[in-house]
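Accompanying notes for the structure given below.
Given the structure is predicted, the values throughout are model-derived calculations rather than measurements. Naming: A, B, ... by sequence-line order, numbering from 1 per chain.
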There are 2 protein chains.
Amino acid sequence: MRSSQPAGLLPQPPSPITDDGDEEHFCHSCSFSSACNAVGQGKPELNALQCLVEHVGPYQGGQHVFRTGDPFRSIFAVRSGTVKTSVVDRDGREQVLGFYLPGEVIGLNAIYPDRFPCDAVALETARFCRFQFPAMSALASRMPVVQQHLFRLLSKELGAATLLAGDHSADERMAAFLTDLSERYAARGFSSTSFHLSMSRGDIANYLRLAAETVSRVLSRFRSQGLIEIEGRELTVSDPEGLRMLGQNLLPS
Amino acid sequence: MRSSQPAGLLPQPPSPITDDGDEEHFCHSCSFSSACNAVGQGKPELNALQCLVEHVGPYQGGQHVFRTGDPFRSIFAVRSGTVKTSVVDRDGREQVLGFYLPGEVIGLNAIYPDRFPCDAVALETARFCRFQFPAMSALASRMPVVQQHLFRLLSKELGAATLLAGDHSADERMAAFLTDLSERYAARGFSSTSFHLSMSRGDIANYLRLAAETVSRVLSRFRSQGLIEIEGRELTVSDPEGLRMLGQNLLPS
DNA sequence: GTTTTGAGTTGACTAGGGTCAAGGCGCTCT
DNA sequence: AGAGCGCCTTGACCCTAGTCAACTCAAAAC
């Protein structure tokens, strides 16, 4: 199953960025690790999970992983790369819903409508673990720990969505966004103070419900205040605590 | 179990508003009906569900059903009355997260943190079905239909939270809010064109991330445009289609 | 090498909605 | 009845962030 490729895509040589790395380490930093590990500890259910997990990709930057309205059949855990989810409203305007880093899961919001309610686009070359959902759901019935994990993932995402809905200033939003990204990178074993923004200013602006110009201005202001250093899409957080203070009202707990 | 009361509350005579009504009809309009019905069709699991459901209340308007930080032990289905959920941020400002009508479920966002992440306050005399969650979760493992129902409820709420996060004008937000309320009342068997707003203008404003004055102004404008009639908290929707058009970008599907 | 294109930055102006303030209406409590 | 209070409405003003526009820069296309 390691070698499976989506139809129509040529396999390409692995690069340092997109290489899956060793399974042990990758799974350790994956949102599903507790579920997967629970299954993978020599129990007979191991085979069950292996049947419903499939490694897919690579998707090149700009390619769709799924589109609004596609029938819901599986959820995806990001193995490498970054993904943006978005909807387009009736006026044709895009609304960015979220960015997903390696180890995070997309597609959970499709369970209810039974169709994907948003687009998912790779921002850079990306690979995934694809979990067949009906089978996953069935497995969850037999394995409480898997069920619990799904409940928690859903509930967690619900909490995250709620935070963005508050009325907050541009500075608060940006500070919270950067702090959140920093912590998510840290949780996956990357540097928390220095990383690459894989999304454009426009995407950030859209996600934070600001104008692209405002994002530019706020970043410039943060730089002149010594909170961050930024050049293009390379970001260094100089004052993590200062940023955290600014964004605290938007951050969990 | 029908007669259980929270400690410290005197039973009070049922009123037309707060009376549970007959079980059959109530359950028919409840979000949990498909799960409950599946369980209650003469199967042995009937007893299991009855053990974990408890009818609680009445809570008077202003009373807390649960508070932020309370340990998570159960979810609640509203049987009668209306409930507001909210958080207070570090500056002490309240943020209204949602309003819940009879037949709707509160507490799902507590699964992940394992504590309630928000307050829930009755806006008017309210009664509930309380479901012990660990037991419910265990039941879900044995009964796929219950599990599926929980997944769907969570995923549905996730979709709803996402909609509020967009950047929309005051008019769009208010129109979508009224249309949504109207449809939820209709789904529960009440009039969709004429109903009582159980929350204050301030609560509506807070929920929609507007100022109370703006809510007032928008409602006045809607009235002068012939979209609604409103007197105090009594609302009549004169032009449902017009409202729907206005709020369409915020409404599901 | 030149042109084109798109992302990003910065400045000037504008507008939607927040804030402040005053006043009306309908409660409840003496 | 009168006082007090909370909720609501309306008006005047202001501020944050959006819009429009000009310009830079780097990478891709020719």
Side-chain angles (χ1 to χ4, degrees), chain A residues 60-62 82 84 91 93-96 121 123-124 164-178 196-225 228-235 246-247 249-250, chain B residues 60-62 82 84 91 93-96 121 123-124 164-178 196-225 228-235 246-247 249-250:
Chain A
Q60 303 305 324
T82 314
K84 164 183 90 169
D91 303 347
R93 286 178 308 218
E94 181 184 19
Q95 296 256 355
V96 175
V121 183
L123 291 177
E124 53 204 7
L164 253 288
D167 68 326
H168 301 281
S169 69
D171 285 22
E172 284 181 301
R173 285 172 189 272
M174 182 61 74
F177 173 69
L178 295 178
H196 177 82
L197 299 172
S198 41
M199 66 295 286
S200 71
R201 301 289 194 274
D203 282 340
I204 297 174
N206 191 315
Y207 174 64
L208 298 177
R209 280 47 169 154
L210 300 171
E213 293 92 331
T214 304
V215 166
S216 226
R217 282 187 256 266
V218 173
L219 287 177
S220 298
R221 188 161 352 111
F222 282 3
R223 178 170 41 200
S224 73
Q225 293 170 339
I228 61 171
E229 292 167 45
I230 187 168
E231 196 176 319
R233 296 189 179 182
E234 295 308 319
L235 178 80
L246 260 181
N249 281 333
L250 265 149
Chain B
Q60 303 304 324
T82 314
K84 164 183 91 170
D91 304 347
R93 287 179 307 219
E94 181 184 21
Q95 295 257 356
V96 175
V121 183
L123 291 177
E124 54 202 7
L164 252 287
D167 67 327
H168 301 280
S169 69
D171 285 22
E172 284 180 303
R173 285 171 189 273
M174 181 60 76
F177 173 70
L178 296 178
H196 176 82
L197 298 172
S198 41
M199 66 296 286
S200 71
R201 301 288 195 275
D203 281 341
I204 297 174
N206 191 315
Y207 174 65
L208 298 178
R209 280 48 166 153
L210 300 171
E213 293 91 332
T214 304
V215 166
S216 226
R217 281 187 255 266
V218 173
L219 287 177
S220 299
R221 188 162 351 113
F222 281 3
R223 178 171 42 201
S224 73
Q225 293 170 338
I228 61 172
E229 292 167 43
I230 187 166
E231 196 175 321
R233 295 189 178 183
E234 295 307 320
L235 178 79
L246 260 180
N249 280 334
L250 266 149

Exercise for review: Starting from P on C:dG8, measure out to CE on A:M199 and report it in whole angstrom.
Suggested key: 11 Å
Practice item. Between C:dG17, D:dG18, D:dG11, spot the one nearest the side chain of B:A170, thanks. Key: C:dG17
Exercise for review: Please report the closest heavy-atom contact between A:E172 and A:L246, naming both atoms and the distance.
Suggested key: CG-O, 3.5 Å
Point to revise | Side-chain donor/acceptor of A:E213 to base of D:dC20, under 3.5 Å | key: yes
Exercise for review: Find the distance A:D203:CG to C:dG6:P and express it as a whole number of Å.
Suggested key: 15 Å
Practice item. Test A:D203 against A:L197 for side chain to side chain contact (heavy atoms under 4.5 Å, CB included), laying out the working first. Key: CA-CA 11 Å; A:D203 282 340; A:L197 299 172; over 6 Å; no
Check your understanding: Which nucleotide in the set C:dG17, D:dG11, D:dG18 lies at the smallest distance from any side-chain heavy atom of B:T214?
Key -> C:dG17
Practice item. Decide yes or no, distance alone: a donor-acceptor N/O pair under 3.5 angstrom between the base of C:dT10 and the side-chain of A:R221. Key: no
Exercise for review: Classify the nucleic acid contact of B:S216 as base, sugar-phosphate or nothing, counting any heavy atom under 4.0 Å across all strands shown.
Suggested key: base
Point to revise | Spacing of B:R217 atom CZ relative to D:dA12 atom P, expressed in whole Å | key: 11 Å
Review point. For DNA chain C, whose closest nucleotide is more 5', that of A:L219 or that of B:R209?
Key: A:L219
Practice item. Could you tell me whether the phosphate oxygens of C:dT10, OP1 or OP2, come under 4.0 Å of any side-chain nitrogen or oxygen in A:S220? Key: yes
Check your understanding: Is the backbone N or O of B:E94 less than 3.5 Å from a side-chain atom of B:N206, with the two atoms forming a donor-acceptor pair by type?
Key -> yes
Point to revise | Residue-phosphate contact under 4.0 Å: A:R201 side-chain N/O, C:dT9 OP1/OP2 | key: yes
**Study point:** Whole-Å distance separating the CG atom of B:D167 from the C1' atom of C:dG17
**Key:** 14 Å
**Study point:** Residue-phosphate contact under 4.0 Å: A:R233 side-chain N/O, C:dG8 OP1/OP2
**Key:** yes
Check your understanding: Across the strands shown, which category fits A:L210 at heavy-atom distances under 4.0 angstrom: base, sugar-phosphate, nothing?
Key -> sugar-phosphate
Review point. Where do B:I204 and B:F177 come nearest, in terms of heavy atoms and distance?
Key: CG2-CE2, 3.8 Å
Check your understanding: Taking CD from A:E231 and C1' from D:dT24, how many angstroms apart are they, rounded to a whole number?
Key -> 14 Å
Check your understanding: Separation of A:L197 atom CG from C:dT9 atom P, in whole Å?
Key -> 11 Å
Review point. In whole Å, what is the span from the CG atom of B:D171 to the P atom of C:dA15?
Key: 17 Å
Check your understanding: Just how far, in rounded Å, is C1' of C:dG8 from CD of A:E234?
Key -> 15 Å
Practice item. Indicate, with a heavy-atom threshold strictly under 4.0 Å, whether B:R173 touches base, sugar-phosphate, or nothing. Key: nothing
**Study point:** Test item: A:R223 side-chain N/O and A:I230 main-chain N/O as donor-acceptor pair under 3.5 Å
**Key:** yes
